[in-house]
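Taking it in order: structure first as structure tokens, then the write-up.
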Amino acid sequence: MKNNNGVFYLPDLPYAPNALEPYINEETIMVHHFTLHKKYVDQLNAIMEKNPGYQEYGLVELIQNVEKLPADIRTGVFRNAGGVLNHDYYFDMMRPAPNDLPAGKLGEAINKQFGSFDNFKKDFTTAAMAVFGSGWTWLVADAAGKLYIMNTENQVTPYSFDRIPIIPIDIWEHSFFQQYPAKRADYIEAWYNVADWAKADVLYSAL
Ligand code: MN
């Protein structure tokens with residue numbers, strides 16, 4: 001996220017670092033949010049500080065207008081702005097268990113498009129298991145509100161495909177390897193217990 005001075009910052013977690021236990025443990029959150037998420041923020045600020053003139057640009061604007069930036073900073077901005085944006089979503093869209101299944105407009109849309117939450121979950125898990133290397137699985141929407149499950153590589157965001165993020169799961173090994181060594185399937189199953197579907201519904205309903 002970005003403050004009024006044009007500087008990007010690490011958002012506060014909307015829960016205590018140990019509040020997602022036993023599904024995602026405190027050590028994982030400490031490293032993942034306070035070290036790795038913060039690193040993307042610091043790296044992005046370091047680049048933008050040396051390249052004044054883009055203070056108006058938020059994360060999405062930087063990602064979508066990356067070709068307008070000086071050639072030597074494009075890759076760094078694209079990767080780090082994506083890293084900040086993706087992690088902002090990931091940590092914000094979790095909550096302490098127990099959670100509820102998607103309700104409201106999002107629940108209706110999931111049932112309509114996927115048949116049921118269970119069917120959606122099957123497809124989402126299959127997509128997350130299919131990520132090769134480092135990446136993300138997303139529930140996203142288009143401008144008309146149609147839902148899609150999509151994967152993005154590295155720190156690419158759904159905005160590169162004109163899709164609007166609703167809720168992501170981080171599939172980089174740093175999100176689970178400490179707690180679930182080499183067990184991506186267990187991590188994905190655990191994540192469903194802390195996915196904040198109520199917040200996802202608020203996002204989706206505001207489209
Ligand atoms: Mn991550």
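Numbering of ligands and ligand atoms starts at 1, following listing order. Since we're looking at a predicted model, the values are computed, not measured.
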How would you list, by chain and number, every residue that makes a ring-ring contact (aromatic ring centres under 6.0 Å, His included) with Y192, sequence neighbours excluded?
-> none
ring-ring contact (aromatic ring centres under 6.0 Å, His included) partners of Y54, counting only residues at least two apart | Y57
Have a look around the Mn ion (ligand 1) and list protein N/O/S atoms under 2.8 Å, or say none.
-> H32 NE2, H87 NE2, D170 OD2, H174 NE2
Under the salt bridge (Lys or Arg N to Asp or Glu O under 4.0 Å) test, residues paired with K39 that sit two or more places apart = none
H33 ring center within less than 6.0 Å of H87 ring center = no
So, F124 versus W191, ring centres under 6.0 angstrom or not?
-> yes
Carboxylate-amine/guanidinium contact D118 K122, below 4.0 Å = no
